[in-house]
Amino acid sequence: MGWWEARSSRWECCVVAQMGGAAVLGGGVFFLQWRSPDVPVKPVFIAIAGGAGVGGSVGSAVGIPYADVVRQLINPNFHPPTDSYGWSNMDGTCSCRDLQRSSFSIVSAGASAIVVGAQVASLEFNDVGLFSTRFLCRTRITIPPNLPSFGRALYEAPQIQGGLGAGAFAFTGIAVYIGAS
């Protein structure tokens with residue numbers, strides 16, 4: 001069995017890039033990179049989805065706290081945890097083969113203006129058959145990661161987001177494998 005069929009319960013997912021918009025109805029394109037200690041490569045999927053919402057955005061779901069930028073400027077020996085930026089643990093056990101052509105759903109609300117932003121999103125993947133649906137995995141993304149902790153979130157809220165936009169939407173579509181690193 002190769003990496004394509006290897007099932008893992010330790011997947012993490014990162015929304016590397018996205019673009020979308022809606023004025024009641026709309027759609028988006030999402031580039032998702034996956035990683036797991038059980039799989040030797042980091043597969044990349046593109047998800048194309050449509051649904052209802054308002055607003056639009058372009059960018060990624062990777063936020064870098066200003067606190068880490070300032071620490072790096074003050075102390076050149078400080079090494080920010082860049083490997084953890086943007087990655088969210090997935091609940092569920094699946095393989096890349098399972099994810100190929102799976103149903104993709106995202107619900108998101110947020111705003112970002114490159115240097116400041118906050119976002120909450122929920123991603124879910126399901127294997128849809130003719131007469132059944134099988135849950136594969138899901139996650140919740142919050143930027144800053146501690147957004148529910150209001151006091152701490154205000155401290156961490158200034159983020160270098162790499163995105164521009166505002167809105168809220170619920171889209172569903174399909175995820176397709178496009179490569180690996």
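Nothing fancy with the numbering, it's 1 onward along the sequence. Worth knowing before you read on, the calculation uses all heavy atoms, side chains too, and leaves out hydrogens, waters and symmetry mates.
- Among residue pairs with one or both ends in residues 24-33, none qualify as salt bridge (Lys or Arg N to Asp or Glu O under 4.0 Å); sequence neighbours excluded.
- With respect to the salt-bridge test (charged N to carboxylate O, under 4.0 angstrom), the residues Asp98 and Arg7 qualify.
- Within the 4.5 Å cutoff, side-chain heavy atoms of Leu123 are placed close to those of Val15.
- Every residue meeting the side chain to side chain contact (heavy atoms under 4.5 Å, CB included) condition with Val41, not counting sequence neighbours, appears here in chain and number order: Trp3, Val39, Pro43, Ala180.
- Using modelled atom types, no side-chain atom of Asn126 and backbone atom of Val128 make a donor-acceptor pair closer than 3.5 Å.
- Of the possible polar contacts, one joining the Thr139 side chain to the Asn89 backbone as a donor-acceptor pair under 3.5 Å is found.
- With hydrogens and angles disregarded, no donor-acceptor distance shorter than 3.5 Å links the side chain of Gln100 to the backbone of Arg97.
- Scored by the side-chain hydrogen bond (donor to acceptor under 3.5 Å, both in side chains) test, Ser57 finds Gln18 as partners (sequence neighbours excluded).
- Scanning for side chain to side chain contact (heavy atoms under 4.5 Å, CB included) contacts around Arg138 gives Asp91, Glu124, Phe135, with sequence neighbours left out.
- Taking the six-membered ring where the residue is Trp, the centroids of Phe125 and Trp11 are separated by 6.0 Å or more.
- Take Ser105 and apply the side-chain hydrogen bond (donor to acceptor under 3.5 Å, both in side chains) test, not counting sequence neighbours, and it matches Thr172.
- Other residues, nucleotides and ligands contribute only 12 or fewer heavy atoms inside 6.0 Å of the CZ atom of Arg101.
- Two rings, from Phe30 and Phe104, have their centers less than 6.0 Å apart.
- Applying the salt bridge (Lys or Arg N to Asp or Glu O under 4.0 Å) test to every pair with at least one member in residues 27-40, sequence neighbours left out, gives these pairs: Arg10-Asp38, Glu12-Arg35, Arg35-Asp83.
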